[in-house]
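The structure appears below as structure tokens.
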There are 2 protein chains.
Amino acid sequence: MPTIHDVAKLAGVSRSTVSRVLNDRPGVHPKTRERVLAAVRELNYAPNFAARALKRQRADAVGLIIPSSFREPRSEEPRGYVLTEIIRGAYNFFTEQRLALTLLDDQGTFQFYQALFERRQVDGLLFIDLEPDPHMVERLKELDVPFVVIGNVDVEDVVCVDVDNYESSRRVVYYLYQLGHRRIAFINGPQRRFASQDRRAGVLAAVAELGLDLPTTYDQPGDFSERSGQKAMQRLLEADPRPTAIYAMNDRMAIGAIRAARDAGLRVPDDISIVGFDDIPVAPYIRPPLTTVRQPLYELGAAAARLLVQRIAGQELSAQRVLLPALLVERESVRAWPTEG
Amino acid sequence: MPTIHDVAKLAGVSRSTVSRVLNDRPGVHPKTRERVLAAVRELNYAPNFAARALKRQRADAVGLIIPSSFREPRSEEPRGYVLTEIIRGAYNFFTEQRLALTLLDDQGTFQFYQALFERRQVDGLLFIDLEPDPHMVERLKELDVPFVVIGNVDVEDVVCVDVDNYESSRRVVYYLYQLGHRRIAFINGPQRRFASQDRRAGVLAAVAELGLDLPTTYDQPGDFSERSGQKAMQRLLEADPRPTAIYAMNDRMAIGAIRAARDAGLRVPDDISIVGFDDIPVAPYIRPPLTTVRQPLYELGAAAARLLVQRIAGQELSAQRVLLPALLVERESVRAWPTEG
DNA sequence: GCTAGAATTGAAAACGTTCCCGAAAACATG
DNA sequence: CATGTTTTCGGGAACGTTTTCAATTCTAGC
């Protein structure tokens, strides 16, 4: 295993010079540089990672914190595609910046992340798609470790990137309205989740702006599960007058809703329109193919990575909160509704 | 940022002693150990990763090599669930062993992996779900870098773990046979892929063992795509007599086959049974829910991880090739067929 | 109380880089 | 050719651990 010393000896120069060439610093004669490079090639030399990290006091690596549900074999909700899409976006950017990616699952404890950072195993942390404990985040902030969260967290002055749940949700209502729907009902997500809160807020804003009526019977709770969507739909179908369009705040619930509609003898979208949120992989495959909102997962990862790199470089960030627009993808679970009066 | 020196000073001992305590080596007085531990706690000390790696000459990290298609945003075939399931299995084991996981995509070049290893950035490599270049693998072997491949590679003496495609495929044929099917047809995968070859070999073995007839019309090529499955099915439906069961060697082709059957006015499974392979996430959601073979992805990852750890520890492995059994999951695309004669 | 042997401990030399400084060499100017 | 300036280079001290080896302290047996 050749060291920088071997290269120096072969090239007939000192270690310092080799180091200079390798980190292309100025002030080395072109001729010398050539000799060094030749020696490097001949010995097939690659600088020792640990030695460099030790001296430079940085790891050239970032930690990817993923939900701890990742650890449980075959969890019911395998959201692998969300994770991989986000990671892909982040991966490309980090790799470009010559930063290694270390996979870590969410231990949740401050000590864990602190140790990670203090032992210089990573230069920064990227919390992917989880809602970290605010208390922990607070302490991390005090410790001055660079981190970015993809998703949301209820702490001031932490940089996080998220899909614009509010705006996207608002657009869904406008979309249905434009198609002629006036009796629009909602299946909400769990209200402790930020995503749900924001989506709901968008709905309420649109409803108010459009002067729509929102009876409580049109406003059903759900918990993101298929089953809860089904239940909510059953209640919705008893409302009088019956809604013409349903916006379920995630796809799983939308799928449940479709099932309930079918069980009740209704056809989707002929008798009732349904739109979801997320665009999970099965969305195009269910009957009917689901009209839904696609999250910009790849872009989320890329944006977060860029932000983290900036923070590691010590830049002050202008925007603390970055919201990315989502895309409504029209499939076949929605149809226009003749406007009544 | 406290160093081992600070701990030593606070505890009133030397660096060596602190080191001994931290790596719990024998020969340190219980009383002293207590003092050191107290100091560690008080200073919130965590050993510097790079320094330790430099001295110990190992990184305590492994590289996870994933398919380079991972880099392309929104690739057509997002097999995120395969990756995440395998990685999960590997993650848990590696974490238990206090090994960090570094994400790397498949550069394909020998130099890349060589550098990775020689610069001591990783102690070993895990090739996930790709068929690495045999030539490259050969050189990696010569270099003596510990690695394991999940999947297959055509090189002697490399340890790889894979799903038992041969046996699983054989079982599918037996399964259909037991249900009474005698006219069983096949849609093959691309023959350059090991998985296809093995699955096909299993089919042929079962066919021979059961004394079944396999006319060439029952033996259709495919390329793993949904479209090719559809085409193959169209040809299959023209055969006389028409097969009563189809085994498509992956789920995408099975989905295509179902579509073709439906287009031809046939009902699945009433008129014709179809079974796939892989159990991709949509499999339960298509109409009818697909009977298929589930790959033991999590277990694949875990097994590979264990093997790699053993290789890193320098153990000679008895088995070079580990095959894990797959599980037939029965859903609704297959029904029993009254035996003729 | 002395000594052999075992149990603890500390000093110092690595591990392979980077980088600050000063020295040497090259060049320009008079 | 002497001198000043700019390039280019090398020596050596870190960075924070681990580990070898020798020194010290303790224990026990006499």
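Quick note on labels: first sequence line is chain A, next is B, and so on, each numbered from 1. A quick note: this is a predicted structure, and the numbers were derived from the prediction, not measured.
Using a 4.0 Å heavy-atom criterion, one finds that B:Arg25 contacts the sugar-phosphate atoms exclusively. Residue B:Phe49 is classed as having no contact, given no heavy-atom separation below 4.0 Å to the nucleic acid.
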Could you go through nucleotides 10-12 of chain C and list every protein N or O atom that sits under 3.5 Å from one of its N or O atoms, giving the distance for each pair?
| residue | atom | partner | partner atom | Å |
| --- | --- | --- | --- | --- |
| C:dG10 | OP2 | B:Ser14 | N | 2.8 |
| C:dG10 | OP2 | B:Ser14 | OG | 3.3 |
| C:dG10 | OP2 | B:Thr17 | OG1 | 3.1 |
| C:dG10 | N7 | B:Arg20 | NH2 | 3.0 |
| C:dG10 | O6 | B:Arg20 | NH1 | 3.4 |
| C:dA11 | N6 | B:Ser16 | OG | 2.8 |

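A:Asp60 places its CG atom 11 Å from the P atom of C:dT18, with the value rounded to the nearest Å. Atom P of nucleotide C:dT17 and atom CZ of A:Arg56 are separated by 11 Å, given to the nearest angstrom. In this structure, B:Arg58 atom CZ and C:dG16 atom C1' are separated by 17 Å, rounded to whole Å. Between the P atom of C:dG16 and the CD atom of B:Glu118 lies a distance of 13 Å, rounded to the nearest Å. In this structure, the NZ atom of A:Lys55 is 11 Å from the C1' atom of C:dG16, given to the nearest Å. In this structure, A:Lys31 atom NZ and C:dA26 atom P are separated by 14 Å, rounded to whole Å. As rounded to whole Å, 17 Å separates atom C1' of C:dA14 from atom CZ of B:Arg52. Per the geometry, CG belonging to A:Leu22 stands 15 Å off P belonging to C:dG16, to the nearest Å.
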Run the numbers on B:Phe127 and B:Val158 for side chain to side chain contact (heavy atoms under 4.5 Å, CB included), then give the verdict. CA-CA 12 Å; B:Phe127 288 87; B:Val158 326; over 6 Å; no
Just do the salt bridge (Lys or Arg N to Asp or Glu O under 4.0 Å) check on A:Glu34 and A:Lys31 with the steps written out, would you? CA-CA 5 Å; A:Glu34 219 21 82; A:Lys31 210 83 179 191; over 6 Å; no
Go through the steps to decide whether A:Asn92 and B:Arg71 satisfy the test side chain to side chain donor-acceptor pair (under 3.5 Å), and finish with yes or no. CA-CA 6 Å; A:Asn92 286 350; B:Arg71 296 204 69 170; 3.1 Å; yes
Could you go step by step and tell me if A:Phe94 and A:Leu308 meet the side chain to side chain contact (heavy atoms under 4.5 Å, CB included) rule? CA-CA 9 Å; A:Phe94 284 132; A:Leu308 183 54; 3.8 Å; yes
Could you give me the CA-CA distance, side-chain angles and deciding distance for A:His5 and A:Val18, then say whether side chain to side chain contact (heavy atoms under 4.5 Å, CB included) is met? CA-CA 9 Å; A:His5 204 108; A:Val18 177; over 6 Å; no
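Checked for salt-bridge contact, A:Glu138 and A:Lys141 meet the test: a charged N lies under 4.0 Å from a carboxylate O. Using a 4.0 Å cut-off between charged side-chain N and carboxylate O, B:Glu142 and B:Arg139 make no salt bridge. A salt bridge does not link B:Lys9 to B:Glu42: none of the charged side-chain nitrogens sits closer than 4.0 Å to a carboxylate oxygen.
Between the side chains of A:Asn23 and A:Arg56, at least one donor N or O sits under 3.5 Å from an acceptor N or O.
Between B:Gln57 and the phosphate of C:dG16, there is a side-chain N or O to OP1/OP2 separation shorter than 4.0 Å.
Nearest heavy atoms, B:Tyr113 versus B:Asp106: OH-OD1, 2.7 Å.
Remark on the helix from C:dG1-D:dC30 to C:dG30-D:dC1: inter-end axis angle 50°, axes from five-pair C1' superpositions, rounded to 10°.
Remark: B:Arg120 is positioned above the aromatic ring of B:Phe117, its terminal NZ or CZ atom under 6.0 angstrom from the ring centre and at most 45 degrees off the axis.
A 4.0 Å heavy-atom criterion places the boundary nucleotides of DNA chain D facing chain B at D:dG16 to D:dT19, written 5' to 3'.
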